[in-house]
**Q** 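If you scroll down you'll find the structure; I have some questions about it.
Residue indices begin at 1 and follow the sequence shown. For ligands, and for the atoms within them, numbers begin at 1 and follow the listed sequence.
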Amino acid sequence: MEKANVDVKPGRVNDPNKMARRAAFDPTVATEKPQAFYDQIKAKFAEERDKRLNYRPSGMSQYTSDLTGDLAKYETDPWAASAIERAPIEDHVECLFIGGGFSALLTAARLRERGVESIRIVEKGSDVGGTWYWNRYPGAACDVSSYDYLPLLDELGYVPKSFFAKGPEIFAHCQAIARKYDLYDLAIFQTTVTQTHWDEKEKIWRLQTDRGDKLTANFVIVANGTLAKPKLTKIKGMERFKGHSFHSSRFDYEYCGQNLENLKNKRVGIIGTGATAVQLIPHLGKAAKELFVFQRTPSAIDIRDDIPTDPEWAASLKPGWQKERLDRHVLGTKPDPEKRKEIEAMPRELRTQRYENHNIEHQMRIHRRVDEIVQDKKTAEALKPWYMHRCKRPTYDDDYLPAFNIPSVHLVDTDGKGITEIYEDGVIFEGQEYPLDLLIYATGFEVQVTGIYNDIRGEKELELNDKYKNGMRTVFGIHSAGYPNLFIMGGYQASFQFNVTFMLQTQGFHIAECIKHTRENGYRTIDAKPETESWWVGEVIKYRGTTSRNRECTPGYYNFEGEENRREDGNYNGGMWQYCQHLDESKGRYEEYFKFDE
Ligand code: NDP
């Protein structure tokens, strides 16, 4: 392979007015190398994928998120200063949110703007913040520019400190939103909703919690997050390990020390090399006596190139600046009709080939960056991702690759096999023992599951997952017929956006408008019309599975670990712009889309 040229920077961050640039491939532009070059790499991608699929035919069931019994400790809240003692609550609110992350905060803010007073958040953690409440590992930060990711900046009069916000800043912003919109007043923390049942006679939702609460609400918003419940790979012997261990989203500073100072005499292992591990490993690498990184599939590590916010730029921002910026953002996803025509006029095969060739060029730049930074050749080879861009979550970090030049940091590359055995003292791979004091699982989360911990029953007591048994059925991923006054956020059949908060804001606006329409017209309930639901399921199906891309990707949560799945059981792939259009079109026509009951 040719010599590295890391100077080919994607120019992601040099102007705060820009969005963090995402790779976009233009099939109307030809690539320069002979086709055989790309074909050879594509064949290697396929080989690497097949190898992984053969090692783990168990697909999604290789993981467990049933963290009970011996595994319960992996889900315990390390951030709760103390257990909140309180008597069970029995009362009624108008709007109840299950979960207190960005979904709830954004929608609640919009409900407040529309005059809704009675709002309750019920949250498992001890504060609002969701993912940013839980994920406090050293290095936690967001990969979307902070001026786009942090919502309600205008409303709160806040400008983030740098182009990419760090975890603590984002968490503090969540708390500021909750204060600004008085969301703490009725909030209940350290409480998990276990039952959400529709009372057909009273036309209210009846909820129960693990604290014995009996709550009722007119409207329920299921805001439990897209990646909320930690999951662990089932590894033989994991319960035998005598050292210390935790999941990355429950980082144990008591053990590690606030600045990881306690790790200086410790042998630390980490399983997983996804987006979390990429941020965490540079910190562990500097602090630990020895760090062993157990890798199954490398992440693609692109340039981060963060910059502090320019105070002059911040001072120049006029009211409404964030809205303007986000509007541009959506427009940016609008397909250019001329370009579209040109692309559509191309033979399908050529179009696909060009997309793939550009994608391969992109990944080869990632490879060159590894060669340029990582000194040990064998380690560098093992850190190269052999799959198309976006088969896995791309990552952006400037400290990860250099960490492998620290002599005490060891990459244990399992070449796709993964760690399959743990013993009393540590990890075993191919007969070699790696004794450890601390083992961190950076093995990810359950993905987009609606109603985790919760039994949701709508009309005729039908449980939501039973309704979905033969395929998901929703309108916009938000409403599901037979579940009146229930709104789902962050689940499948909605558009996926790298900037998740933008997608959640879009859903939040829609939900707040629906609730407003229901209240203002004296209705008690709003529900999806079955025909609207059939239309939306059809839209989802139309845009899914038209390419073989998912099948060709290396396994990961983006492609359901390589498992076949129904076309409707995933995100709406028509694009964010089109998703927003659909929501906009429904506004003012709710009576056509939904069923209202007086
Ligand atoms: P992921 O699910 O992305 O990663 C899990 C990792 O564990 C993978 O590398 C996986 O390997 C590995 N793994 C699983 N089992 C084994 C095994 N037996 N042996 C070795 N490795 C194993 O979880 P993350 O927590 O990293 O990220 C989840 C998501 O959270 C991200 O995709 C992103 O959306 C979000 N996030 C965003 C951040 C940001 O904005 N910067 C930061 C952190 C997270 P394999 O790839 O082979 O399956």
**Q** If we ignore angles and hydrogens, is there a donor and acceptor under 3.5 Å between the side chains of Tyr441 and Thr233?
**A**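 Per modelled atom types, Tyr441 and Thr233 side chains form no pair under 3.5 Å.
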**Q** Which protein N or O atoms sit under 3.5 Å from any N or O of ligand 1? Give atom names and distances.
**A**
from: ligand 1; atom 1: 7 (O); to: Ala442; atom 2: O; distance (Å): 3.4
from: ligand 1; atom 1: 9 (O); to: Thr273; atom 2: N; distance (Å): 3.0
from: ligand 1; atom 1: 9 (O); to: Gly274; atom 2: N; distance (Å): 3.3
from: ligand 1; atom 1: 15 (N); to: Thr233; atom 2: OG1; distance (Å): 2.7
from: ligand 1; atom 1: 18 (N); to: Ile419; atom 2: N; distance (Å): 3.4
from: ligand 1; atom 1: 18 (N); to: Ile419; atom 2: O; distance (Å): 3.0
from: ligand 1; atom 1: 19 (N); to: Ile419; atom 2: N; distance (Å): 2.9
from: ligand 1; atom 1: 25 (O); to: Thr276; atom 2: OG1; distance (Å): 2.6
from: ligand 1; atom 1: 26 (O); to: Ala275; atom 2: N; distance (Å): 3.1
from: ligand 1; atom 1: 26 (O); to: Thr276; atom 2: N; distance (Å): 2.9
from: ligand 1; atom 1: 26 (O); to: Thr276; atom 2: OG1; distance (Å): 3.4
from: ligand 1; atom 1: 32 (O); to: Tyr557; atom 2: OH; distance (Å): 2.6
from: ligand 1; atom 1: 34 (O); to: Tyr557; atom 2: OH; distance (Å): 3.1
from: ligand 1; atom 1: 40 (O); to: Asp143; atom 2: N; distance (Å): 3.3
from: ligand 1; atom 1: 40 (O); to: Arg393; atom 2: NH2; distance (Å): 3.0
from: ligand 1; atom 1: 41 (N); to: Ala141; atom 2: O; distance (Å): 3.2
from: ligand 1; atom 1: 41 (N); to: Asp143; atom 2: OD1; distance (Å): 3.1
from: ligand 1; atom 1: 41 (N); to: Asp143; atom 2: OD2; distance (Å): 3.1
from: ligand 1; atom 1: 41 (N); to: Gln279; atom 2: NE2; distance (Å): 3.0
from: ligand 1; atom 1: 46 (O); to: Lys392; atom 2: NZ; distance (Å): 2.7
from: ligand 1; atom 1: 47 (O); to: Arg56; atom 2: NH2; distance (Å): 3.0
from: ligand 1; atom 1: 47 (O); to: Arg296; atom 2: NE; distance (Å): 2.9
from: ligand 1; atom 1: 47 (O); to: Thr297; atom 2: OG1; distance (Å): 2.6
from: ligand 1; atom 1: 48 (O); to: Arg56; atom 2: NH1; distance (Å): 3.4
from: ligand 1; atom 1: 48 (O); to: Arg296; atom 2: NH2; distance (Å): 2.9

**Q** When you check the gap from the basic side-chain N to the acidic O, do Asp143 and Arg304 get nearer than 4.0 Å?
**A**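 Salt bridge present between Asp143 and Arg304.
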**Q** With sequence neighbours left out, which residue pairs that include part of residues 64-75 fulfil the salt bridge (charged side-chain N to carboxylate O under 4.0 Å, His left out) condition?
**A**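 Applying salt bridge (charged side-chain N to carboxylate O under 4.0 Å, His left out) to every pair that reaches into residues 64-75, excluding sequence neighbours, yields Glu75-Lys229.
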**Q** What class does the angle between the rings of Tyr400 and Phe404 fall in, given that below 30° is parallel, 30 to 60° is tilted and above 60° is perpendicular?
**A**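 Correct class here is perpendicular.
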**Q** So Ile98 and Ile221, side-chain contact (heavy atoms from CB on, under 4.5 Å) or not? Walk me through it.
**A** CA-CA 6 Å; Ile98 302 173; Ile221 298 99; over 6 Å; no
**Q** For Lys51, is the NZ atom crowded, meaning more than 12 foreign heavy atoms sit under 6.0 Å from it?
**A**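 Count over threshold, so yes.
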